[in-house]
Structures are given as C-alpha cells and as structure tokens.
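Below is one structure; the comments refer to it alone.
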Amino acid sequence: MKKSVILGVAGAASLAAGMATAGTLDEVKQRGELNCGVTTGLAGFAAPDANGVWQGFDVDYCRAVAAAVLGDPTKVKFVPTTGQTRFTALASGEVDMLARNTTWTFSRDVDLKFTFVGINYYDGQGFMVPKSLGVSSAKELDGATVCIQTGTTTELNLADYFKANNMKYEPVPIETNAEAQQQFLAGACDVYTTDRSGLAATRATFAKPDDYVVLPEVISKEPLGPLVRQGDDQWADVVRWVSNALVEAEDLGITSANIEELSKGTNNPEINRILGTDGGLGKMLGLDDAWAKRAIAANGNYGEIFAANLGESTPIGLARGLNALWTHGGLQYSPPFR
C-alpha cells in the first residue's frame with residue numbers, strides 16, 4: 001500500500017531518465033487504452049470484484065483519465081503492482097501512470113525522477129492489533145512481531161518510531177496486502193502496520209472485524225496521489241488537471257446528477273470553463289473542451305468517488321477528515337480553472 005522510498009527499485013531512476021521522453025499522451029491515444037498501475041488488491045482503493053472488474057478510489061482516478069483522454073472510462077488496462085515493482089513498472093513504460101496509495105516523498109520526486117501530480121488522499125501510518133492482545137496504545141508494543149510490507153516507507157517510519165520510543169520489534173516481511181492479511185489473521189505477527197486507510201480497508205474484509213482495533217497513534221504524514229514519469233510535462237499536466245477537476249467539481253457543486261444540465265451553460269464562469277461551455281482550456285492540454293466533463297461524469301466528483309468507495313456508508317467506513325474540502329475544514333482544493 002505504501003511506498004518504496006528508494007529501494008527495491010534501485011534502477012528506477014536510470015530507467016525513468018531513459019523513458020521520460022515527451023509523448024505519453026499521443027501514445028495513449030494511439031494505443032486506445034490507458035495502462036494504469038494499481039495495487040495488487042486493497043478493498044476500497046483497487047481490487048477486482050466477483051466478476052473480475054476492478055473497483056475502488058484509485059481505480060476511479062484511472063477511469064477519469066481514460067475518459068478525459070480517450071472518451072471512454074472503460075478503456076483502461078489495470079496493471080497490479082507491489083511496493084517493490086510499482087516504480088520499475090512506471091519507469092520502464094509498462095504503465096502510463098500509477099494510482100496506488102503511493103506517498104509523495106523527496107527521494108521519489110527528486111532521485112527516482114517521478115512527478116507527483118497532486119495529493120488525492122491525506123493519510124498517516126498506524127497500527128492494527130487483535131483486541132485480545134490487550135493494548136490500547138502503540139507505546140505498549142515493545143517486543144511485538146510486526147507484519148510490514150517490503151519496499152515501503154512504512155519500514156523506515158516503523159524503525160524510526162520504535163527507536164524514538166526506545167522499543168524493539170521483530171519484523172515479519174510481506175509483499176502484498178493479501179499476504180499481510182493472511183499472516184496477521186494466522187497469528188504470524190502481533191501487529192499490522194501501514195496507512196490507516198489501508199488498515200481500515202483490510203479490517204473491513206475480516207470475518208470478525210470487531211475483534212481487531214486500529215490504535216490511536218498516527219506516526220507519519222502520508223500524502224498519497226497519482227504519479228507519472230518526469231520529462232513529459234504535457235502528460236503530467238493532463239493527469240494533474242483531471243485530478244484537480246474532480247476536486248473543483250465538488251467545490252463548484254458539479255455532480256454526476258447535474259453535469260449534463262450545467263454543461264448547457266451557467267452564470268458561473270468557472271463552471272463554464274471547466275465543463276467546456278467557455279472553450280479554450282482543453283486545447284492547452286492537447287484535448288478537446290469536454291475533457292473535464294467526461295472525467296467528472298465517469299464516476300462523479302471527488303466527494304462522490306470518496307463516498308462510493310471509502311465513505312462512512314461503505315464497509316471501509318472512513319470519514320473525510322483531512323480529505324474534506326477546504327470549505328469544510330479539510331485540505332482538499334484545486335487551483336483555479338482560468
């Protein structure tokens with residue numbers, strides 16, 4: 001779920017340098033399909049349903065980009081990647097973008113030479129334990145065995161936290177969320193640590209979720225969002241402004257229910273610009289003027305996507321928190337469409 005800081009991808013920086021040539025937008029158009037790197041399976045974020053159709057918060061970002069660029073949100077090839085393989089997949093050109101719970105860090109941006117196009121989920125690392133363990137705080141985990149995904153920032157955060165609190169732990173390395181869940185439920189580790197959103201998503205899939213508790217501590221900042229290779233500014237702009245369009249649509253009151261009516265024209269100039277009634281923005285991206293309208297119509301605005309996949313009425317049950325709009329005490333807002 002999280003994020004390799006440097007490693008497991010030692011060659012990613014050189015690959016990125018070699019692959020980051022302009023033209024991804026044209027390649028996607030010519031191919032007629034967006035190759036989107038997602039997680040191997042995390043409920044609410046990216047996982048195939050019973051029919052093998054990918055669903056989730058990150059999946060909807062891929063579909064929004066496909067709708068904007070190709071006119072069809074279904075024209076996406078979902079490529080499962082682990083914490084170890086995701087950066088190589090992006091750097092090598094196997095995928096056009098990553099949308100898979102990846103933390104924006106200095107080294108990934110600068111050393112691995114990726115471009116993060118925004119933050120679509122503000123998160124932090126936490127800990128989940130069985131209630132039977134009898135602990136109510138991470139400060140009580142001295143000597144615990146901890147399931148931890150390899151190739152992630154989680155590893156470094158965990159080491160820092162235990163060192164700072166003069167505690168010791170025994171790591172139980174795992175590669176995928178499915179493996180983590182299996183090991184944790186089998187009692188191979190006392191604790192599972194990852195993003196708190198990932199813990200909530202994993203817990204929701206348990207047969208007896210009430211037998212497990214997420215501890216109150218948040219030990220890191222985990223700004224998650226889509227990313228692309230450096231060196232192709234046009235493609236980065238496309239993915240960035242699709243993401244911005246979803247947030248701005250919620251802010252402006254554009255929804256899947258009213259978008260057709262609003263696209264006929266309103267007295268709000270920004271709504272007209274984003275929906276293409278007042279044309280010009282699409283041409284700047286190399287797209288037509290209906291690009292944002294299609295992106296929003298694919299699965300709704302940011303709030304609709306959050307509510308459908310992660311919100312309090314879903315099994316994941318996450319409150320908006322920091323991911324509420326700025327007008328509701330959160331951190332989400334878009335730069336102006338002008």
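- If you take CG on L25 and CG on L285, they are separated by 8.5 Å, rounding to the nearest 0.5 Å.
- Annotation: side chain of F45 is in contact with side chain of L310 (closest heavy-atom distance under 4.5 Å).
- For D195 (side chain) and S197 (main-chain N/O), no donor-acceptor pair under 3.5 Å exists by modelled atom type.
- Hydrophobic clustering (ILVMFWY, side-chain heavy atoms < 4.5 Å, transitive): V239 and L70 are in one cluster.
- Between the side chains of Q55 and D60, no donor-acceptor pair of N or O atoms lies under 3.5 Å.
- For the residue pair T145 and D190, a side-chain donor N or O sits within less than 3.5 Å of a side-chain acceptor on the partner.
- Open room surrounds CD on Q182; 12 or fewer heavy atoms of other groups in view lie less than 6.0 Å from it.
- Checking side-chain atoms of N272 against main-chain N and O of D278 turns up no donor-acceptor pair under 3.5 Å.
- In this structure, R63 and V53 approach most closely via the heavy-atom pair NH2-CG1, 3.8 Å.
- In this structure the side chain of Q332 reaches within 4.5 angstrom of the side chain of Y122, judged on heavy atoms.
- By the 4.5 Å heavy-atom criterion applied to side chains, L215 and V129 are counted as neighbours.
- Checking side-chain atoms of E175 against main-chain N and O of Q84 turns up no donor-acceptor pair under 3.5 Å.
- Counting heavy atoms from C-beta on, the side chains of V69 and V238 come closer than 4.5 Å.
- Criterion: ILVMFWY side-chain heavy atoms under 4.5 Å apart, direct or through other members. Under it, V146 and L133 are part of a common hydrophobic cluster.
- Side chain of D288 to main chain of A290: a donor-acceptor pair is present (N/O by atom type, distance under 3.5 Å, no hydrogens or angles).
- For the residue pair T176 and Q149, no side-chain donor N or O sits within less than 3.5 Å of a side-chain acceptor on the partner.
- With values rounded to the nearest 0.5 angstrom, F87 atom CZ is found 6.5 Å from L227 atom CG.
- Counted within 6.0 Å of OH on Y333, heavy atoms from surrounding residues, nucleotides or ligands total 12 or fewer; the atom is thus considered open.
- Between the side chains of D96 and T24, no donor-acceptor pair is found at a separation under 3.5 Å.
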### Task
Applying side chain to side chain contact (heavy atoms under 4.5 Å, CB included), run through T102 and L224 and close with a yes or a no.
CA-CA 5 Å; T102 298; L224 312 178; 5.9 Å; no
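- With hydrogens and angles disregarded, a donor-acceptor distance shorter than 3.5 Å links the side chain of T81 to the backbone of V38.
- Considering every non-hydrogen atom in both V65 and M97, the closest pair reads CG2-SD, 4.0 Å.
- With F306 as the aromatic partner, R320 meets the cation-pi criteria of under 6.0 angstrom to the ring centre and within 45 degrees of the ring axis.
- Under the side chain to side chain donor-acceptor pair (under 3.5 Å) criterion, R273 pairs with no residue, sequence neighbours left out.
- Side-chain contact check for Q230 and T115: no donor-acceptor pair (N or O, by modelled atom type) lies under 3.5 Å.
- Smallest separation of non-hydrogen atoms from A64 and A298: CA-CB, 4.4 Å.
- Atom CG of L325 and atom CG of L331 lie 11.0 Å apart (nearest 0.5 Å).
- Look at R240 and D237 and you find a salt bridge, because one of the NZ, NE, NH1 or NH2 atoms lies within 4.0 Å of a carboxylate O, short of that distance.
- Closest approach of S243 to Y61, counting heavy atoms only: OG-CE2, 3.4 Å.
- Residues V218 and V191 are members of separate hydrophobic clusters, defined by side-chain heavy-atom contacts under 4.5 angstrom among Ile, Leu, Val, Met, Phe, Trp and Tyr.
- Counted by atom type alone, S92 and E94 present zero donor-acceptor pairs between their side chains at under 3.5 Å.
- Linking Ile, Leu, Val, Met, Phe, Trp and Tyr residues whenever their side-chain heavy atoms come within less than 4.5 Å places W235 and M284 in a single cluster.
- Within a 6.0 Å sphere centred on CG of N166, other residues, nucleotides and ligands contribute 12 heavy atoms or fewer.
- For the pair E222 and R196, the salt-bridge criterion is not met [side-chain N within less than 4.0 Å of a carboxylate O].
- Hydrophobic clustering (ILVMFWY, side-chain heavy atoms < 4.5 Å, transitive): Y169 and F184 are in distinct clusters.
- The main-chain N or O of G83 is never found under 3.5 Å from a side-chain atom of T152 such that the two would form a donor-acceptor pair.
- Ring centers of F127 and Y161: under 6.0 Å apart, within the cut-off.
- Here the side chain of D58 pairs no donor or acceptor atom with the backbone of A46 at under 3.5 angstrom.
- With contacts defined as side-chain heavy-atom distances shorter than 4.5 Å, the pair L262/L275 qualifies.
- No side-chain heavy atom of K77 sits less than 4.5 Å from a side-chain heavy atom of L34.
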### Message
Set out, in order, the CA-CA distance, both residues' side-chain angles and the distance that settles side chain to side chain donor-acceptor pair (under 3.5 Å) for T266 and N268, then state yes or no.
### Response
CA-CA 5 Å; T266 74; N268 185 320; 5.4 Å; no
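- Side-chain atoms of N301 come within 3.5 Å of backbone atoms of I254 as a donor-acceptor pair (strictly under, hydrogens ignored).
- Contact record, L42 with G198: CD1-O, 4.0 Å, taken as the closest heavy-atom pair.
- Summarising the geometry, atom CG belonging to D289 is positioned 9.5 Å from atom CZ belonging to R294; distances are rounded to the nearest 0.5 Å.
- F337 contributes atom CZ, which lies 6.0 Å from atom CD of E248 (distance to the nearest 0.5 angstrom).
- Within 6.0 Å of NZ on K221 lie no more than 12 heavy atoms contributed by other residues, nucleotides or ligands.
- Two residues are said to be in side-chain contact when any heavy atoms from C-beta on lie closer than 4.5 Å; I148 and I174 fail this criterion.
- A donor-acceptor contact shorter than 3.5 Å links the side chain of Y302 to the backbone of N120.
- In this structure, Q125 and T154 have side chains that are in contact, with non-hydrogen atoms separated by less than 4.5 Å.
- A donor atom on one side chain and an acceptor atom on the other are found under 3.5 Å apart for T82 and T85.
- The one candidate from F116, Y121, F114 that meets the ring-ring contact (aromatic ring centres under 6.0 Å, His included) condition with W104 is F116.
- Between V242 and A68, the shortest heavy-atom contact is CG2-CB, 3.7 Å.
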### Query
Please walk me through it: do F162 and D142 pass side chain to side chain contact (heavy atoms under 4.5 Å, CB included)?
CA-CA 8 Å; F162 271 72; D142 189 19; 5.6 Å; no
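- A side-chain N or O of N177 and one of Y192 form a donor-acceptor pair less than 3.5 Å apart.
- Side-chain polar atoms of D251 and S334 form no donor-acceptor pair below 3.5 angstrom.
- Side-chain atoms of D49 come within 3.5 Å of backbone atoms of N51 as a donor-acceptor pair (strictly under, hydrogens ignored).
- We find that R203 and D211 are not joined by a salt bridge, their nearest charged nitrogen and carboxylate oxygen being 4.0 Å or further apart.
- No hydrogens or angles considered: nothing links the side chains of E304 and T255 as a donor-acceptor pair under 3.5 Å.
- Taken from CG in N165 to CD in E217, the straight-line distance is 8.5 Å, to the nearest 0.5 Å.
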### Task
Could you check N309 against T314 for side chain to side chain contact (heavy atoms under 4.5 Å, CB included), going step by step and ending with a plain yes or no?
CA-CA 7 Å; N309 294 294; T314 71; over 6 Å; no
